[in-house]
Amino acid sequence: MIRATLAALCLLLSAPAWGQDPTVDVATDDPAMVRAYDGAAATLPAFLDRSGALTGTAGPLFSVKIAVPVDDTGMDDEVIWVSNVRIRRNGKAEGTLDNEPVAMPGKHAGDRIKFHLDDIRDWSLIGADQKLYGHYTTRVLLDHMDGAQADALRRILSENPVPADWQ
């Protein structure tokens, strides 16, 4: 199983609407999630280039979702949103965990974590229209959430994961 967390979105939505960060278990080979990972991977180069992530000019309006290997949990990876990302030219990166990890003992929301660009499973960018772009995995998880959470997210997600001026 892969544990997917939607914590970055909690920062964008009011606390009463979310309460605790929602966590959804999804099978590693879930076809919809595999397509989401593939879509995010296919658009990751454009995201890295156009967001300013590689030059350090992106500011706080972007984040990435990474896969972190976990042991002794029955999961392959914990997939978690990371913000305040710094990417180095050698493909190594680090950022701040956006929420409390479920299967990473000793790690907490707000802690820095190191990762590699190959660990990125999704990306997020707040567009000029204040809509969330990317969020390929979030779009899949909507069907696994309660109605109020899903409706709140649908209101802020862009219709297309990629901004029109990137196409």
Side-chain angles (χ1 to χ4, degrees), residues 1-13 17-18 20-51 53-54 58 61-70 73-85 87 91 93 95-104 109 113 115-127 129-167:
M1 287 265 162
I2 294 175
R3 184 150 300 200
T5 329
L6 304 174
L9 301 176
C10 295
L11 300 174
L12 300 169
L13 298 172
W18 280 87
Q20 291 294 317
D21 298 339
T23 301
V24 179
D25 288 332
V26 179
T28 304
D29 60 352
D30 178 82
M33 192 58 72
V34 170
R35 283 190 303 277
Y37 288 155
D38 290 347
T43 57
L44 183 62
F47 164 75
L48 292 172
D49 181 52
R50 304 230 179 166
S51 70
L54 294 174
L61 301 180
F62 86 94
S63 57
V64 294
K65 192 179 225 185
I66 63 169
V68 179
V70 293
T73 63
M75 297 187 307
D76 295 325
D77 297 317
E78 181 163 357
V79 183
I80 191 166
W81 286 102
V82 175
S83 60
N84 302 311
V85 175
I87 299 173
T96 303
L97 293 172
D98 278 343
N99 59 295
E100 196 64 26
V102 174
M104 290 187 270
I113 187 168
F115 60 96
H116 194 275
L117 288 179
D118 292 342
D119 299 325
I120 296 174
R121 298 297 181 263
D122 202 351
W123 55 268
S124 169
L125 178 71
I126 301 174
D129 59 0
Q130 300 303 301
K131 294 286 187 178
L132 291 174
Y133 289 87
H135 283 274
Y136 289 83
T137 57
T138 303
R139 295 165 197 273
V140 171
L141 296 174
L142 288 171
D143 293 336
H144 299 275
M145 294 179 202
D146 73 49
Q149 289 175 332
D151 289 345
L153 282 169
R154 284 185 182 99
R155 286 192 293 276
I156 62 172
L157 282 171
S158 59
E159 186 175 329
N160 186 321
V162 179
D165 62 344
W166 291 15
Q167 300 172 14

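Reckoned from all heavy atoms, side chains included, excluding hydrogens, waters and symmetry mates.
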**Student:** Rounded to the nearest 0.5 Å, what separation is found between the CG atom of Leu97 and the CD1 atom of Ile66?
**Tutor:**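 Nearest 0.5 Å value for the CG-CD1 distance: 7.0 Å.
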**Student:** Quick one: does any side-chain atom of Ser158 pair with a main-chain N or O of Leu132 as donor and acceptor, under 3.5 Å?
**Tutor:**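 Indeed, once roles are kept as given, a pair shorter than 3.5 Å links the two residues.
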**Student:** Does the Arg50 side chain pair with the main chain of Leu48, one donor and one acceptor, at a distance under 3.5 Å?
**Tutor:**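 Judged by distance alone, no pair lies under 3.5 Å.
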**Student:** With rounding to the nearest 0.5 angstrom, report the CE to CG distance, Met145 to Leu153.
**Tutor:**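 Separation between the atoms: 5.0 Å.
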**Student:** Got a sec, which residues hit side-chain hydrogen bond (donor to acceptor under 3.5 Å, both in side chains) with Thr43, two or more places apart in sequence or on another chain?
**Tutor:**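 With sequence neighbours excluded, Thr43 shows a side-chain hydrogen bond (donor to acceptor under 3.5 Å, both in side chains) to Trp123, Tyr136, given in chain and number order.
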**Student:** Residues in side-chain contact (heavy atoms from CB on, under 4.5 Å) with Asp129, at least two apart?
**Tutor:**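 Asp129 satisfies side-chain contact (heavy atoms from CB on, under 4.5 Å) with Lys131, Tyr133 once adjacent residues are dropped.
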**Student:** Output all residues satisfying side-chain contact (heavy atoms from CB on, under 4.5 Å) with Ala32, sequence neighbours left out; order by chain, then residue number.
**Tutor:**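 side-chain contact (heavy atoms from CB on, under 4.5 Å) check on Ala32 returns Asp30, Arg35, Val140.
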**Student:** Return yes if some donor-acceptor pair links the side-chain N/O of Glu78 with the main-chain N/O of Val102 below 3.5 Å, else return no.
**Tutor:**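 Here the side-chain-to-backbone pair exists.
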**Student:** Roughly how far apart are Ser63 OG and Ile80 CD1, rounded to 0.5 Å?
**Tutor:**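 Taking OG in Ser63 and CD1 in Ile80, the distance rounds to 11.5 Å.
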**Student:** Listed by chain and number, what are the side-chain contact (heavy atoms from CB on, under 4.5 Å) partners of Asn160, not counting sequence neighbours?
**Tutor:**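 So Asn160 forms a side-chain contact (heavy atoms from CB on, under 4.5 Å) with Val162, Gln167.
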**Student:** Treating Asp77 as the side-chain partner and Val79 as the backbone partner, does any N or O pair qualify as donor plus acceptor under 3.5 Å?
**Tutor:**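 Checked: no pair found.
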**Student:** For the atom pair OG1 (Thr138) and CH2 (Trp81), what is the distance rounded to the nearest 0.5 Å?
**Tutor:**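 It is 5.0 Å, given to the nearest 0.5 Å.
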**Student:** Could you walk me through whether Phe115 and Val85 pass the side chain to side chain contact (heavy atoms under 4.5 Å, CB included) test, one step at a time?
**Tutor:** CA-CA 10 Å; Phe115 60 96; Val85 175; 4.0 Å; yes
**Student:** What salt bridge (charged side-chain N to carboxylate O under 4.0 Å, His left out) pairs are there with at least one residue in residues 153-167, not counting sequence neighbours?
**Tutor:**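 Qualifying pairs: Asp143-Arg154, Asp151-Arg154.
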**Student:** Would a distance-only check, ignoring hydrogens and angles, find a side-chain to backbone donor-acceptor pair under 3.5 Å from Asn84 to Thr96?
**Tutor:**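 The answer is no, because no donor-acceptor pair under 3.5 Å joins these two groups.
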**Student:** Roughly how far, to the nearest 0.5 Å, is CZ of Phe47 from CG of Asp122?
**Tutor:**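 Answer rounded to 0.5 Å: 9.5 Å.
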